[in-house]
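Numbers here are sequence positions counted from 1.
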Amino acid sequence: MIDLSRVRGALWLAPAALTLAACDGTAPKASYPLSLSVTAKGTSGVSVPGSGMSAAIQIGSGANSLTINQAQVVLARIELSTAGSCAPTGQDDDCAELQLGPTLVDLPVDATTQVMLEDVAIPAGTYSGVQATLDAVRADDDEPGGSAFLTAHPDFQGISVKVIGVFTDASNTTHNFTFTSEVDAEMAMRLEPPVTLASDTKNFTIAVDVASWFKDASGAAIDPTDPANAEAIERNILRSARVFEDDNHDGVDDHDEQGDGNHQ
């Protein structure tokens with residue numbers, strides 16, 4: 001289940017060892033390592049094998065079909081909640097909060113699972129959810145790390161989502177497209193069941209159904225070249241992510257694998 005609320009924030013994800021601190025103002029707790037991964041595995045589209053830009057997610061075939069070659073998001077905060085939702089940055093709550101400037105994240109379109117954060121120390125406890133923020137960084141926002149981000153990625157000023165692909169229309173004519181969105185919103189994902197961090201290393205994987213961004217209620221491809229479809233695509237983006245425990249980094253919920261007898 002994903003609860004959505006529009007907020008601004010400062011965010012998440014970079015391949016580095018970082019430290020999470022409890023934001024409830026209590027005495028220090030024991031900390032354990034956590035890694036965070038991202039995948040598009042299990043997407044409602046078909047992953048086409050390949051490397052680099054040759055990999056793709058395919059929605060349909062022939063007329064009114066769509067190929068996604070690259071999908072990127074700008075993220076600016078991740079918080080692990082023990083109950084309910086997390087307060088805005090700087091306010092006391094029971095969340096474990098990672099504060100990091102905006103980061104450009106490539107969502108793998110080849111069905112792999114990529115580690116984005118490794119050996120992050122977070123306080124021991126039981127966590128029931130993850131919150132992350134899509135962030136369209138602007139020069140006048142004065143957010144931590146914003147200036148450095150725009151220096152490194154000037155093409156992403158005011159852009160939180162970017163997708164490159166090919167749309168084939170009803171007459172079988174192909175159209176190369178670059179879809180961008182400036183949506184600023186928080187995505188709250190629930191861990192079901194909640195996860196208790198102990199002495200062994202844990203990994204959480206955020207699975208993003210990229211194909212669902214460009215599909216309507218019937219499953220048909222949405223034309224990303226038509227500006228009239230932008231709002232529907234943005235709604236789909238905000239409800240496309242879920243999070244789960246994935247200690248073996250295979251992009252599959254460990255609890256589902258336990259039910260199948262395949263957990264290693």
[atom2] on [Y] to [atom1] on [X], rounded to 0.5 Å:
| X | Y | atom1 | atom2 | value |
| --- | --- | --- | --- | --- |
| Ile68 | Ile164 | CD1 | CD1 | 11.5 Å |
| Ser181 | Ile233 | OG | CD1 | 9.0 Å |
| Phe167 | Thr173 | CZ | OG1 | 10.5 Å |
| Asp254 | Asn203 | CG | CG | 8.5 Å |
| Ser37 | Gln114 | OG | CD | 8.5 Å |
| Asp223 | Phe214 | CG | CZ | 10.5 Å |

*Partner residues of Ser160 under the side-chain hydrogen bond (donor to acceptor under 3.5 Å, both in side chains) criterion, sequence neighbours left out*: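 Ser160 satisfies side-chain hydrogen bond (donor to acceptor under 3.5 Å, both in side chains) with no residue once adjacent residues are dropped.
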| field | With sequence neighbours excluded, residues passing side-chain hydrogen bond (donor to acceptor under 3.5 Å, both in side chains) with Ser65 | value |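 Result, side-chain hydrogen bond (donor to acceptor under 3.5 Å, both in side chains) vs Ser65: none returned.
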Do [X] and [Y] sit in the same hydrophobic cluster, where Ile, Leu, Val, Met, Phe, Trp and Tyr count as joined when their side-chain heavy atoms come under 4.5 Å apart?
| X | Y | value |
| --- | --- | --- |
| Met189 | Phe244 | no |
| Val109 | Val166 | no |
| Phe177 | Val183 | yes |

For the residue pair [X] and [Y], establish whether any side-chain heavy-atom pair is separated by less than 4.5 Å.
| X | Y | answer |
| --- | --- | --- |
| Thr67 | Asn69 | yes |
| Leu134 | Val73 | yes |
| Thr205 | Thr113 | yes |
| Leu66 | Thr168 | no |
| Thr178 | Thr180 | yes |
| Leu80 | Leu34 | yes |
| Lys162 | Leu104 | no |
| Thr103 | Val74 | no |

Worksheet item: Side chains of Thr133 and Asp135: is there a donor and an acceptor less than 3.5 Å apart?
Response: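 No.
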Quiz item: Can you tell which of Glu143, Gln157, Glu182 makes a side-chain contact (heavy atoms from CB on, under 4.5 Å) with Val137?
Solution: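 The side-chain contact (heavy atoms from CB on, under 4.5 Å) with Val137 is passed solely by Glu143 among Glu143, Gln157, Glu182.
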| task | Check Ile59, Ile222, Val208 against Trp213 for a side-chain contact (heavy atoms from CB on, under 4.5 Å) and give me the one that passes. | result |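 That would be Val208.
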(Q) Is the ring pair His153/Phe149 parallel, tilted or perpendicular, if the boundaries are 30 and 60 degrees? (A)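 Judged by the thresholds at 30° and 60°, the geometry between His153 and Phe149 is tilted.
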Tell me if a side-chain donor or acceptor on [X] pairs with a main-chain N or O of [Y] at a distance below 3.5 Å.
| X | Y | answer |
| --- | --- | --- |
| Asp246 | Gly251 | yes |
| Ser81 | Ser128 | no |
| Arg138 | Ala136 | yes |

Shortest non-hydrogen contact between [X] and [Y], atoms and distance:
| X | Y | result |
| --- | --- | --- |
| Glu192 | Asp253 | O-OD2, 4.4 Å |
| Ser212 | Ser240 | OG-CB, 3.7 Å |
| Ala63 | Ala170 | CB-O, 3.7 Å |
| Glu245 | Leu191 | N-CD2, 4.3 Å |
| Lys202 | Asp247 | CA-OD1, 3.4 Å |
| Ala40 | Ile57 | CB-CD1, 4.2 Å |

Salt bridge flag under 4.0 Å for residues Lys215 and Asp209: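 Asp209 and Lys215: not salt-bridged.
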Requested in this report: List the steps, then state whether side-chain contact (heavy atoms from CB on, under 4.5 Å) holds for Ile206 with Leu36.
Outcome: CA-CA 8 Å; Ile206 294 178; Leu36 178 68; 4.1 Å; yes
(Q) Ring centroids only, cut at 6.0 angstrom: are Tyr127 and Phe204 within range, meaning strictly under it? (A) no
Does Asn172 CG have over 12 foreign heavy atoms under 6.0 Å away? yes
Does the side-chain contact (heavy atoms from CB on, under 4.5 Å) test come out yes or no for Asn236 and Arg239, once each step is laid out?
CA-CA 5 Å; Asn236 289 342; Arg239 57 185 177 223; 2.8 Å; yes
Please lay out, stage by stage, how Val38 and Leu107 fare under the test side-chain contact (heavy atoms from CB on, under 4.5 Å). CA-CA 7 Å; Val38 64; Leu107 301 175; 3.5 Å; yes
Item to check | side-chain contact (heavy atoms from CB on, under 4.5 Å) assessment of Val161 paired with Ile237 | outcome: CA-CA 9 Å; Val161 179; Ile237 290 170; 4.0 Å; yes
